[in-house]
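Each remark here refers to the structure printed beneath this line.
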There are 2 protein chains.
Amino acid sequence: MTTQAQGLHTHVLDALGLAITTGEYPPGSVLRTDELAQRFSVSRTVVREVVRVLESMHLVESRRRVGVTVRATEQWNVYDPRVIRWRLAGTDRPRQLRSLTVLRSAVEPVAAGLAAVHATPEQCRELTEQALGMVATSRGRQLEAYLVHDIAFHRVVLNASGNEMFARLGDVVAEVLTGRTHHQVMFEDPDPAAVTLHVQVAEAVRGRDAVRAEELTRQIAVGALRELDILAP
Amino acid sequence: MTTQAQGLHTHVLDALGLAITTGEYPPGSVLRTDELAQRFSVSRTVVREVVRVLESMHLVESRRRVGVTVRATEQWNVYDPRVIRWRLAGTDRPRQLRSLTVLRSAVEPVAAGLAAVHATPEQCRELTEQALGMVATSRGRQLEAYLVHDIAFHRVVLNASGNEMFARLGDVVAEVLTGRTHHQVMFEDPDPAAVTLHVQVAEAVRGRDAVRAEELTRQIAVGALRELDILAP
DNA sequence: GTGACATAAAAGTCATACTTTTTAGCGGCG
DNA sequence: CGCCGCTAAAAAGTATGACTTTTATGTCAC
């Protein structure tokens, strides 16, 4: 589910990254490359490359004569998709899900407003298609199929915004939606009101109504926040 | 200005990263580690570690028997502070500044609203202090001093929001504000209206008025967007 | 007690040999 | 003539060992 093992490097990186983000090595811990090489039965070469990547994520800091130190949580590069995945797979999944949802609630309405201005006809078509797909799968325990359309819908909105920073959040949103469906209390069919809102957003974008698209998406966001008890009902 | 040379690795990474982001090696270009090692007069070891980091930023993709390929721009990890710095230093600085400003305009109002709820007394004090500092330096060509307070102000807001994703955008905002002051048409003193808005945001946060803090920050954002002609005047 | 110095520990760098994957070319076979 | 499979080579991946550089720490002299 996480990452396929294409090489030793990938495997070790994933294992170490997960170990650090889940707190197995709490901030301040010191690792030695030689020990890691032994622990994972790989050469120092591989460990060094992994450490360099971890360092580029600000997860660790490597200093001579002292070793590889785990940095404080506030320093993590929390926008790195791999860090997000590790944290979602680890212990503070709820916390992570919350902060990501808040981020979504800030970004997606603005992105929808921009999408209403910039979306290509093809993107409008795609948007409507995904919204209709959501409607079609919203009843009768088709949660997985619904999820696919939901993810695609939000991804199109972010891409259509024409802003590269927004577009790159597509993966993050996908992770959040997947996490919600799989690990949250999601035994029931999706909220019909939310489904309707998505259809209306698609209409607003197609109709070039930026204000309406933004406002409707804000309502979707409010729903997501309520689901996590971040907002009072 | 970019990064101090603490080691060969850092130097090569910076040089290669900049070369790629500025388009010296356009997407699709293929690099060979041996050639790079020669070009930078370092060992293959160093080059490989650099490539691994670049790969973790999704700037390149390394495949056996083919080499290191530069990936398409849409795949870049544009939230990586280093990528942002490289792009701001390179040729598409204006484009980068625009997308970052749009991101700010989405995030900061929400962050300010949350700050009004979560800010500690210490953060409220700091916020007021920075706002007053902005007032004090807003006249008489003290642009550098003003910038320091401006950056600090926005950083406190993002931190006070209590959301780690927002907090991590402090560096991004700092880069944008710095870029605007240094490379934009910024010969005049700051807009008095903007200064007043900052003071009012500080007041709103201290007064726990989330709605007002959000709305005021939205007005600041609108000003920033107008400055870059992203919004009609 | 303080400061200079020596020591050693750990990362950083390099060179080299070897392995694995994958592309591309070549030749055989239908 | 074309397609398939085999082979060979190219490039990254991995391992190892020797050596360099930085720097924390302890020691010794003052």
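All figures in this text were calculated on a predicted structure; none of them were measured in a lab. So you know, we letter chains A, B, ... as the sequences are listed, proteins then strands, and number each from 1.
Contact of the A:Leu18 side chain with the A:Glu24 side chain is not registered, since no non-hydrogen atoms from C-beta on lie closer than 4.5 Å. For the pair A:Met57/A:Trp86, a side-chain contact is recorded, criterion being any heavy-atom separation below 4.5 Å from C-beta on. The closest side-chain heavy-atom distance from A:Asp150 to A:Arg180 is below 4.5 Å.
Atom CD in A:Glu49 sits about 13 Å away from atom P in C:dT13, given to the nearest Å. For the pair A:Glu55 CD and C:dA11 C1', the interatomic distance rounds to 11 Å; values are reported in whole Å. Atom pair A:His11:NE2 and D:dT14:C1' shows a separation of 16 Å (rounding to whole Å applied). With rounding to whole Å, A:Leu36 atom CG is found 13 Å from C:dA10 atom C1'. The distance between atom CZ of B:Arg48 and atom P of C:dA15, rounded to the nearest whole Å, is 16 Å. Atom-to-atom, CD of B:Glu61 to C1' of D:dG13 comes out at 16 Å; the value is rounded to the nearest Å.
By the salt bridge (Lys or Arg N to Asp or Glu O under 4.0 Å) test, A:Glu129 pairs with A:Arg125, sequence neighbours left out. Here B:Glu49 pairs with A:Arg48, A:Arg52 under the salt bridge (Lys or Arg N to Asp or Glu O under 4.0 Å) rule; sequence neighbours left out. Applying the side chain to side chain contact (heavy atoms under 4.5 Å, CB included) rule to A:Ser43 yields the partners A:Thr45, A:Val46; only residues at least two apart in sequence or on another chain are considered. Taking A:Arg63 as the reference, nothing meets the salt bridge (Lys or Arg N to Asp or Glu O under 4.0 Å) condition, with sequence neighbours excluded. Listed by chain and residue number, nothing satisfies the salt bridge (Lys or Arg N to Asp or Glu O under 4.0 Å) test with A:Glu74 (two or more places apart in sequence, or in another chain).
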Within the sub-3.5 Å range, which N or O atoms of nucleotides 15-18 of chain D have a protein N or O partner, and how far apart are they?
| unit_1 | atom_1 | unit_2 | atom_2 | d |
| --- | --- | --- | --- | --- |
| D:dA15 | OP2 | A:Ser43 | N | 2.8 |
| D:dA15 | OP2 | A:Ser43 | OG | 2.9 |
| D:dA15 | N7 | A:Thr45 | OG1 | 3.3 |
| D:dG17 | N7 | A:Arg44 | NH2 | 3.1 |

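Annotation: the terminal axes of the helix from C:dG1-D:dC30 to C:dG30-D:dC1 meet at 10°, where each axis is the rotation carrying the C1' atoms of four end pairs onto the next four (5 pairs per end, rounded to 10°).
For D:dA24, the OP1/OP2 oxygens have a side-chain nitrogen or oxygen of A:Arg63 closer than 4.0 Å.
Among C:dT13, D:dA12, D:dA24, the nucleotide with an atom closest to any side-chain atom of B:His9 is C:dT13.
Of the residues in residues 64-72 of chain B, those with a non-hydrogen atom less than 4.0 angstrom from any atom of DNA chain D are B:Arg64, B:Arg65, B:Gly67. For DNA chain D, no neighbouring residue in residues 26-34 of chain A is found when judged by any heavy atom under 4.0 Å.
Within the structure, salt bridge (Lys or Arg N to Asp or Glu O under 4.0 Å) contacts touching residues 64-73 of chain B (residues at least two apart or in different chains) do not occur. Among residues at least two apart or in separate chains, there is no ring pair (Phe, Tyr, Trp, His ring centres under 6.0 Å) pair with a member in residues 16-53 of chain A.
The closest side-chain donor-acceptor pair between A:His182 and A:Glu144 falls under 3.5 angstrom.
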Could you list the donor-acceptor pairs under 3.5 angstrom formed by side chains in residues 155-168 of chain B, with sequence neighbours left out?
| unit_1 | atom_1 | unit_2 | atom_2 | d |
| --- | --- | --- | --- | --- |
| B:Arg155 | NH1 | B:Asp171 | OD1 | 2.9 |
| B:Asn159 | ND2 | B:Arg155 | O | 3.3 |
| B:Ser161 | OG | B:Leu158 | O | 2.7 |
| B:Ser161 | OG | B:Asn163 | N | 3.2 |
| B:Asn163 | OD1 | B:Met165 | N | 2.7 |
| B:Asn163 | OD1 | B:Phe166 | N | 3.3 |
| B:Asn163 | ND2 | A:Ser99 | O | 3.2 |
| B:Glu164 | OE1 | A:Arg87 | NH1 | 3.0 |
| B:Glu164 | OE1 | A:Arg87 | NH2 | 3.2 |
| B:Glu164 | OE1 | A:Arg95 | NH2 | 3.4 |
| B:Glu164 | OE2 | A:Arg87 | NH1 | 3.2 |
| B:Glu164 | OE2 | A:Ser99 | OG | 3.0 |
| B:Arg168 | NE | A:Trp76 | O | 3.0 |
| B:Arg168 | NH2 | A:Gln75 | O | 3.3 |

Exercise for the section: Could you please spell out the steps behind the ring-ring contact (aromatic ring centres under 6.0 Å, His included) verdict for A:His198 and A:His149? Expected result: CA-CA 11 Å; A:His198 282 77; A:His149 291 298; over 10 Å; no

